[in-house]
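Worksheet: the structure to be examined is printed underneath.
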There are 4 protein chains.
Amino acid sequence: MSRGNTRQRIQDVALELFAEQGYEKTSLREISERLGVTKAALYYHFKTKEDILTSAFEDYSKKPYAELIEWARHQPSTLETKLEIMRRYSELILQATPLFRFMQENQATLRDLKIGDDAKQRVFSLLDLIRDKDAPLADQVRCSSALFTMHASLFTLADVDADQEEKRKAALEVAQELVTSAHRGAD
Amino acid sequence: MSRGNTRQRIQDVALELFAEQGYEKTSLREISERLGVTKAALYYHFKTKEDILTSAFEDYSKKPYAELIEWARHQPSTLETKLEIMRRYSELILQATPLFRFMQENQATLRDLKIGDDAKQRVFSLLDLIRDKDAPLADQVRCSSALFTMHASLFTLADVDADQEEKRKAALEVAQELVTSAHRGAD
Amino acid sequence: MSRGNTRQRIQDVALELFAEQGYEKTSLREISERLGVTKAALYYHFKTKEDILTSAFEDYSKKPYAELIEWARHQPSTLETKLEIMRRYSELILQATPLFRFMQENQATLRDLKIGDDAKQRVFSLLDLIRDKDAPLADQVRCSSALFTMHASLFTLADVDADQEEKRKAALEVAQELVTSAHRGAD
Amino acid sequence: MSRGNTRQRIQDVALELFAEQGYEKTSLREISERLGVTKAALYYHFKTKEDILTSAFEDYSKKPYAELIEWARHQPSTLETKLEIMRRYSELILQATPLFRFMQENQATLRDLKIGDDAKQRVFSLLDLIRDKDAPLADQVRCSSALFTMHASLFTLADVDADQEEKRKAALEVAQELVTSAHRGAD
DNA sequence: TATGAATGAGAATTCATTCAT
DNA sequence: TATGAATGAATTCTCATTCAT
């Protein structure tokens, strides 16, 4: 039964646990138990613990992210473009919620994982698309805050009674305001 | 030599390493080696690994935080009050940078540490002082984003060439804008 | 090689060392070295150090003990029954000598192990079958002394030159005399 | 305050804890905390942990024991002598209850403490005074059981409602019967 | 007659990983 | 496509003991 998709089930369970409890507090034993398989089975599908994470990172976000960047590269650097980048990014995040939750809550850990650098690069690439490096400090803050707002809101608003899509929109609204404000400041 | 202050030296080194590498990736061996003492020495001063963190949390932030809340409690719930809360909070953060850095980057870990609940409570208490629970979702986001902005900026702006005080001011400015915007929305 | 029986080999070696040197003086390192495996191997088979002991206790004595009690429950409370209980118990002890040796010589330790309560319960259950709670103090002493005599004799008579079966019989004889004497006193 | 007797207070508390929880499960920290002093203070009075025990053993039982043996040596080897030995021994035990409780419940531990050999010697010396080495096995058992009965009864009868002196007498009665019975058998 | 600060040795336990089957 | 059995390295923690003051 459940054939072929074992690989993905492992990724999903792992990601969920990594996000919930942290990467190092989550043992392979725990993951395998929750899946009803042996630890050794995980090693049939993945080379290492880190590999489970790395592959999930790629499977869930590599392509959409590349597409976003590719698209942005062909646009003029206007405010409209920046706002659309934010919109697309907010959807990208929503599609890979557990992954972003994991990254948001395990930043220290991330730093010495292979994907840590990638994740950092991505944020900086996005940042470069929306900010002006010579703008005043406050505008830099606005731009990184815009990104952070979207990363964090899904979990920050855990106590608020609303569905994910509404939250996404609210976060996007604020993020876009921040970007707009920073963009204006640059004139 | 170095008499009496061993306890604090332990806290400082631990906090630094916890923030840098994460709580679980930092072993007591590492801490003690960096201090030039034995692992056992740590246990003379603290009951557990977690206790090092807990005590640092309290020694560095309990009093200032309590004072901030105490002060806020006696103020009218005006925009000016809210802005002043943000200002004071930004200074509180600056005084305990390593602690806040740790909390920002180890949220998953924090969740099953004793201080996790405390830290969460604090954020929510502050949030309650600046937000209106019946305001639209976007305004809720503005308020939590304001707090997040200050928590994150010290490290987010690592690549920006400016001193800590300037960064603090820039982050505060953006945070205050967000709070102002949310406050207006509530009218 | 030596397939499948590792679990029991661990129990046996552990029990032997526990009895010889005491439970806490016996380290898992010692057990594993004597078996030619790693400490970690013990943890593949048992959850904790205490679990090795608990499982040995159950594997070696749970069933025979339950059968003894079950049998006794269906007998009339005569002297003959009591003497037969003692006889069966003496054989039960002989079958699990290392276990009883351990319990006899580690009573203080036993008290804060999970099996401590069980062991105590057992002795009291047996005691209830052979003594009369309203009998004079001396008769109470006779009955517990009867049990003690059998528990202790296997090791007490270490310096005496005789085989185990002979010692068992001798101890049983004395124990039965004590029970008989207590029973007569109750008339 | 409490001057001069600190040494004995340490012995008493230690003995009590050793008996209750076992020798190795009892740490010097625990002993010192219960006394309201520092661990280091214990080292002013005693050279090692074992030394606390050794000295207590001597202070509480050396002299009375030596006197008992000395007395016995000058008596004829009659039944009356044996019975009187038991009587005196039962009183000796009562005077040093915690010590005997400790020895009874920590036999495995005792084996690798210095006093272990002493304690063993004593029991064998007493045994030699009351038993006939050429007697049948059952008579050997009677004699060691007599000693065991007295050692164990103080704690075995914990659930029985009677005072220490009554219990001592009851245990003595049974022990004397056993000795008598063994003595008769030797004719 | 004590204490504060520290150490060295060792304990139990956990974990990612391996490999023959 | 898995599992059972095991390992080696590390970790947190505890303890008896020491010594300058």
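The figures that follow rest on heavy atoms only: side chains count, while hydrogens, waters and symmetry mates do not.
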(message) Using whole Å, what does the distance between atom P of nucleotide F/dA10 and atom CZ of B/R29 come to?
(response) 7 Å

(request) Please state how far atom CG in C/L28 lies from atom P in E/dA9, giving the value in whole angstrom units. (result) 21 Å

(message) Taking 4.0 Å as the cut-off, does a side-chain nitrogen or oxygen of D/Y44 come that near to OP1 or OP2 on E/dA2?
(response) no

(request) Could you pick out which residue, B/G36 or C/T26, lies toward the 5' side of DNA chain E when each is mapped onto its nearest nucleotide? (result) B/G36

(request) Scan B/S32 against the nucleic acid and name what it touches under 4.0 Å (heavy atoms): base, sugar-phosphate only, or nothing. (result) nothing

(request) Round to the nearest Å and state the distance from A/I52 atom CD1 to E/dC15 atom P. (result) 14 Å

(message) For a quick check under 3.5 Å, do B/Q11 and B/D59 share a side-chain donor-acceptor pair by atom type?
(response) yes

(message) Distance check needed: E/dA12 P versus C/L53 CG, whole Å only.
(response) 13 Å

(request) Give a yes/no verdict on a cation-pi contact between A/K49 and A/Y23, requiring under 6.0 Å between NZ or CZ and the six-membered ring centre and an angle within 45° of the axis. (result) yes

(request) Select one nucleotide: of F/dA2, F/dT3, E/dT13, the one nearest the side-chain heavy atoms of A/T6. (result) F/dA2

(message) Is the phosphate of F/dG4 approached by C/H45 (side-chain N or O, under 4.0 Å from OP1 or OP2)?
(response) no

(message) When both hydrogen-bonding distances must be under 3.5 Å and the geometry is Watson-Crick or G-U wobble, what is E/dC15 paired with, if anything?
(response) F/dG8

(message) Could you tell me how far apart B/F46 (CZ) and E/dG4 (C1') are, to the nearest whole angstrom?
(response) 15 Å

(message) Is there a side-chain contact between C/Y43 and the phosphate of E/dT13, meaning an N or O under 4.0 Å from OP1 or OP2?
(response) yes

(message) Ring-plane angle category for A/F102 and A/F18, please: parallel below 30°, perpendicular beyond 60°, tilted otherwise.
(response) tilted

(message) Quick one: does any side-chain atom of C/E58 pair with a main-chain N or O of C/S55 as donor and acceptor, under 3.5 Å?
(response) no

(message) What is the separation between atom CG on B/L42 and atom C1' on E/dG8, rounded to the nearest whole Å?
(response) 14 Å

(request) Using Watson-Crick or G-U wobble geometry with both distances below 3.5 Å, tell me the partner of F/dA20, or none. (result) E/dT3

(request) Using heavy atoms to find the nearest nucleotide of DNA chain F for D/K47 and C/K39 separately, return the residue whose nucleotide is more 5′. (result) C/K39

(message) Given A/Q21, which partner from the list A/E30, A/E16, A/E105 fulfils the side chain to side chain donor-acceptor pair (under 3.5 Å) test?
(response) A/E30

(request) Mind calculating the distance between NZ (D/K49) and C1' (F/dT18) to the nearest angstrom? (result) 17 Å

(request) May I have the distance from C/L35 (atom CG) to F/dT7 (atom C1'), rounded to whole angstrom? (result) 15 Å

(message) If you assign C/E24 and C/A40 each to the DNA chain E nucleotide with the nearest heavy atom, which residue ends up on the more 5' nucleotide?
(response) C/E24

(request) Select one nucleotide: of E/dA2, E/dG8, F/dC15, the one nearest the side-chain heavy atoms of D/T38. (result) E/dA2

(request) Could you please name the option among E/dT13, E/dT17, E/dA2 that lies closest to any side-chain atom of A/T48? (result) E/dT17

